[in-house]
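This report refers to the structure that appears directly beneath it.
For the numbers below, each heavy atom of this structure counts, side chains included, while hydrogens, waters and symmetry mates do not.
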Amino acid sequence: MEFNDVVVTVLVTVLTAVITFLGSEIKKNVRARTIFNVLEPLAKDAVVAAQKLGVTEYLSGAMKKNHAVQAVSQALLDAGFTVKDEQVIVNAVEQAYAKQRDLLKQYPQKEAS
């Protein structure tokens, strides 16, 4: 085997490894972007659902927040996504609540007994 053949073989091997690595990184990035694209609408729906649940039974604010966080986590899990840092979901739920505060007022909450 000549020197040129060795160099070409080494370069092809390195190039294949780099392409494989970049492909896996791009796939991870696309997956993360997909999670963040669906996270906002899921959080909005979960906040509204938790607020509606408070119409028929008393739920504290923390209970509604926990309900919404669990609903978003479960929806992501059902779709095949896992979020290792739950704080990302908590932040999305809090942001959804803040953005929909006026909308949520139309659902009168049941008072504590």
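We find that Glu94 and Lys99 are not joined by a salt bridge, their nearest charged nitrogen and carboxylate oxygen being 4.0 Å or further apart.
Side-chain contact check for Ser60 versus Met63: some heavy-atom pair is nearer than 4.5 Å. Counting heavy atoms from C-beta on, the side chains of Leu53 and Lys64 never come closer than 4.5 Å.
Of all the heavy atoms in Val72 and Ala43, the pair that sits closest is CG2-CA, 3.7 Å. Ser73 approaches Ile89 most closely through the heavy-atom pair OG-CD1, 3.3 Å. Closest non-hydrogen pair, Val55 versus Lys110, comes out as O-CB, 3.7 Å. For the residue pair Val83 and Val88, the shortest heavy atom distance occurs at CG1-CB, 4.2 Å. Of all non-hydrogen atoms in Gly54 and Leu59, the two that sit nearest each other are N-CD1, 4.0 Å.
Residues Asp78 and Gln74 have side chains that bring a donor and an acceptor to within less than 3.5 angstrom of each other. A donor atom on one side chain and an acceptor atom on the other are not found under 3.5 Å apart for Gln70 and Asn66.
Here the OH-NZ distance, from Tyr97 to Lys65, works out to 11.5 Å after rounding to the nearest 0.5 Å.
Hydrophobic clustering of Ile, Leu, Val, Met, Phe, Trp and Tyr side chains at less than 4.5 Å, counting indirect connections, unites Val93 with Phe81. Follow the hydrophobic side-chain contacts under 4.5 Å out from Leu39 and you never reach Leu77; the two are in separate clusters.
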- Show your working on side chain to side chain contact (heavy atoms under 4.5 Å, CB included) between Leu104 and Val47 and close with a plain yes or no. CA-CA 9 Å; Leu104 297 174; Val47 165; 3.6 Å; yes
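Counting only distance, with no hydrogens or angles, the side chain of Gln109 and the backbone of Tyr58 share no donor-acceptor pair below 3.5 Å. Judged by distance alone, with hydrogens and angles left aside, the side-chain atoms of Gln100 form a donor-acceptor pair with the main-chain N or O of Ala96 at under 3.5 Å.
Within a 6.0 Å sphere centred on OH of Tyr107, heavy atoms belonging to other residues, nucleotides or ligands number more than 12.
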